[in-house]
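All remarks here apply to the structure that follows.
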Amino acid sequence: MLSDFATGTILAFCCSICFGTQTSFAKIPSVVSSKVRMEIFNIYFMIGVAIVCLIGHLVLSMLLGEFIEFSYMGVISALLLYFGELFMLLTVQQIGVAYGMALSILSSAVASIIAQYFLGQTIDSYLITIAGFGVVTLSVMGCVFLKQILSYINLLDYSDTEKSIILMPKQDSVVNILSETAPLVNLNQLGNSSVSTSADETISYISNDDAHIVKYSKQMVLGFIFSSLGGICYCLVPLPSLYVTEYSAGIKFSLSFGIGCLIVLPLSILNILIINPFHKKEDVDGNDEMSISTKDLIWKLISFNEELYHFKSACLAGIGGGFVWGIGNLMGICTFLYLDYVIVMVYVQFHIVVSLLYGICIWKEITQTIEMISLSFLTLTLIGGCIIVTYGVYGSL
């Protein structure tokens with residue numbers, strides 16, 4: 001029979017595969033062409049999570065005859081997931097997905113280490129764990145900023161990649177947000193008044209007016225705050241599952257978490273109203289205005305307007321993504337029965353590598369040899385960080 005460590009490790013990496021796979025559902029051609037808003041896509045995602053959790057409950061209770069007890073901890077986990085999604089949506093609107101992901105990883109690492117300390121890790125192994133988590137964090141951030149790093153050291157012609165560097169993203173769709181790599185430029189570029197995007201077209205992004213510097217500085221601060229809060233919420237999502245009875249633990253937590261997702265679902269709809277002011281378009285005078293008024297948005301929400309919801313093109317993909325993520329989440333919750341909290345949080349970071357592999361093999365987002373070699377090196381570094389963390393927690397391998 002497999003040892004607890006082996007079982008937990010297998011579950012953790014299966015969880016990573018599910019989490020990494022989930023991101024590709026937003027890149028399905030029908031979703032791309034629909035330009036559905038990310039917050040709408042997130043509603044479908046939450047429905048998919050709830051469905052897989054409730055299916056897990058039915059399988060356990062009806063087919064296997066297991067007794068399952070509902071715990072309010074599932075609602076707390078769902079609330080943490082809701083706030084994590086909300087903060088990350090706000091982060092994307094401020095500083096973009098790449099910077100948001102990197103900053104959330106930092107805050108998640110710090111929060112995980114603190115949580116592990118309160119869960120009883122000894123001081124002797126604590127510094128080793130911190131060092132290992134630092135290696136993992138740097139590896140993941142390297143994956144996130146790979147294109148920018150290679151471009152900076154002149155190993156990659158960034159102008160040949162799919163997305164140019166822009167100052168402030170004004171995305172309304174899922175695919176634009178997910179394909180974005182670097183939404184901000186350096187402050188030393190503020191003296192430039194334009195960025196050339198083609199031989200015939202030059203788009204003006206930046207002026208050296210002080211008001212612009214203040215505006216984008218505020219965006220950076222808000223983005224840092226939102227991404228940090230989002231990272232903390234995400235790393236705490238599985239924590240309530242550690243404080244339930246044996247009748248709600250492990251896979252049995254699916255009932256509590258599934259009901260929690262259904263309870264939180266109406267709050268997810270509020271995200272649409274909260275995020276709407278950040279969706280901008282230019283009016284005839286060149287000034288920014290909301291792409292749709294709040295009044296019109298509310299009417300489209302309650303009337304289930306196809307132009308907003310994109311049921312035919314995005315609904316199944318969103319639910320599918322939530323379904324896959326929900327399976328991974330249940331595996332992750334079961335992992336805590338075998339491994340320490342901080343080890344699970346580190347192993348699950350491999351979902352970044354899985355996402356990038358999808359980008360290479362399926363979506364052809366990464367095509368240059370130097371990028372693939374760099375990703376291989378970062379993956380090995382990530383594995384090294386996992387080994388250090390494991391040693392720090394258990395004292396030996």
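Along the sequence shown, the residues carry numbers beginning at 1.
Residues I275 and M38 fail the side-chain proximity criterion, which asks for heavy atoms closer than 4.5 Å. Here the side chains of I68 and H57 are in contact, with some heavy-atom distance below 4.5 Å. Between L79 and L267, some side-chain heavy-atom pair lies under the 4.5 Å cut-off. Contact of the S108 side chain with the Y234 side chain is not registered, since no non-hydrogen atoms from C-beta on lie closer than 4.5 Å. Side chains of Y347 and T9 form a contact here, defined as non-hydrogen atoms less than 4.5 Å apart. L80 has its side chain within reach of P240: a pair of non-hydrogen atoms, C-beta onward, lies under 4.5 Å apart. Looking at V49 and N329, their side chains never come closer than 4.5 Å, going by heavy atoms from C-beta outward. Looking only at side-chain heavy atoms (C-beta outward), F19 and V354 stay at 4.5 Å or farther from each other.
Between F5 atom CZ and I343 atom CD1 the span is 6.0 Å, to the nearest 0.5 Å. A distance of 11.0 Å separates CD1 in I10 from CE in M331, rounded to the nearest 0.5 Å. Atom CG of N276 is separated from atom CD1 of I292 by 6.5 Å, given to the nearest 0.5 angstrom. Rounding to the nearest 0.5 Å places CG of L308 at 11.0 Å from CG of D296. For the atom pair CZ of R37 and CG of N42, the computed distance is 14.0 Å after rounding to the nearest 0.5 Å. Atoms CD1 and CD1, from I274 and I269 in turn, are 12.0 Å apart once rounded to the nearest 0.5 Å.
Proximity of a side-chain donor or acceptor of N305 to a complementary backbone N or O of W299 within less than 3.5 Å is not detected. Looking only at distances, no side-chain donor or acceptor of S256 sits under 3.5 Å from a matching main-chain atom of Y72. Under the 3.5 Å distance criterion, the side-chain polar atoms of S16 are matched with a main-chain donor or acceptor of A12. With Y309 contributing its side chain and L301 its backbone, the two residues share a donor-acceptor pair below 3.5 Å.
Nearest heavy atom pair, residue A249 against residue L337, reads CB-CD2, 4.4 Å. The nearest pair of heavy atoms linking G250 to C334 is C-SG, 3.9 Å. Of all the heavy atoms in V348 and C15, the pair that sits closest is CG2-SG, 4.0 Å. Counting all heavy atoms, side chain and backbone alike, V237 lies closest to S77 at O-OG, 2.8 Å. Residues Q22 and V324 come closest through the heavy atom pair N-CG1, 4.4 Å. Shown here for D4 and Y338, the closest heavy-atom pair between the two residues is O-CB, 3.2 Å.
Annotation: side-chain hydrogen bond (donor to acceptor under 3.5 Å, both in side chains) contacts of S248 (sequence neighbours excluded): none. The side chain to side chain contact (heavy atoms under 4.5 Å, CB included) test applied to I319 returns Y44, I47, I51, C315, not counting sequence neighbours. With sequence neighbours left out, E246 forms a side chain to side chain contact (heavy atoms under 4.5 Å, CB included) with no residue at all.
Hydrophobic clustering keeps F45 apart from L316 (ILVMFWY residues linked when any side-chain heavy atoms are closer than 4.5 Å, directly or through intermediates). Cluster annotation: I40 is connected to F304 through the hydrophobic network of ILVMFWY side chains, with a link wherever side-chain heavy atoms come within less than 4.5 Å. No chain of hydrophobic side-chain contacts below 4.5 Å, direct or via other Ile, Leu, Val, Met, Phe, Trp or Tyr residues, connects L60 to Y247.
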How far apart are the C-alpha atoms of L265 and I43, what are their side-chain angles, what is the distance that settles it, and do they pass the side-chain contact (heavy atoms from CB on, under 4.5 Å) test?
CA-CA 7 Å; L265 191 58; I43 293 177; 4.1 Å; yes
Walk me through it: do F336 and V344 pass the test side-chain contact (heavy atoms from CB on, under 4.5 Å)?
CA-CA 7 Å; F336 292 109; V344 177; 3.7 Å; yes
Applying side-chain contact (heavy atoms from CB on, under 4.5 Å), run through I232 and F87 and close with a yes or a no.
CA-CA 10 Å; I232 292 172; F87 288 133; over 6 Å; no
Run the side-chain contact (heavy atoms from CB on, under 4.5 Å) test on S34 and F311 for me, step by step, so that the C-alpha distance in whole Å, both residues' side-chain angles and the decisive distance to 0.1 Å come before the verdict.
CA-CA 10 Å; S34 70; F311 294 110; over 6 Å; no
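Electrostatic pairing of K312 and E306 does not count as a salt bridge here, judged by no charged N lying under 4.0 Å from a carboxylate O.
Taking the six-membered ring where tryptophan is involved, the planes of F13 and F350 are perpendicular, since the angle between them exceeds 60° and thus also 30°.
Just one residue in the list V75, L81, L54 forms a side-chain contact (heavy atoms from CB on, under 4.5 Å) with F257, and that residue is L81.
Residues T245 and E69 have side chains that bring a donor and an acceptor to within less than 3.5 angstrom of each other.
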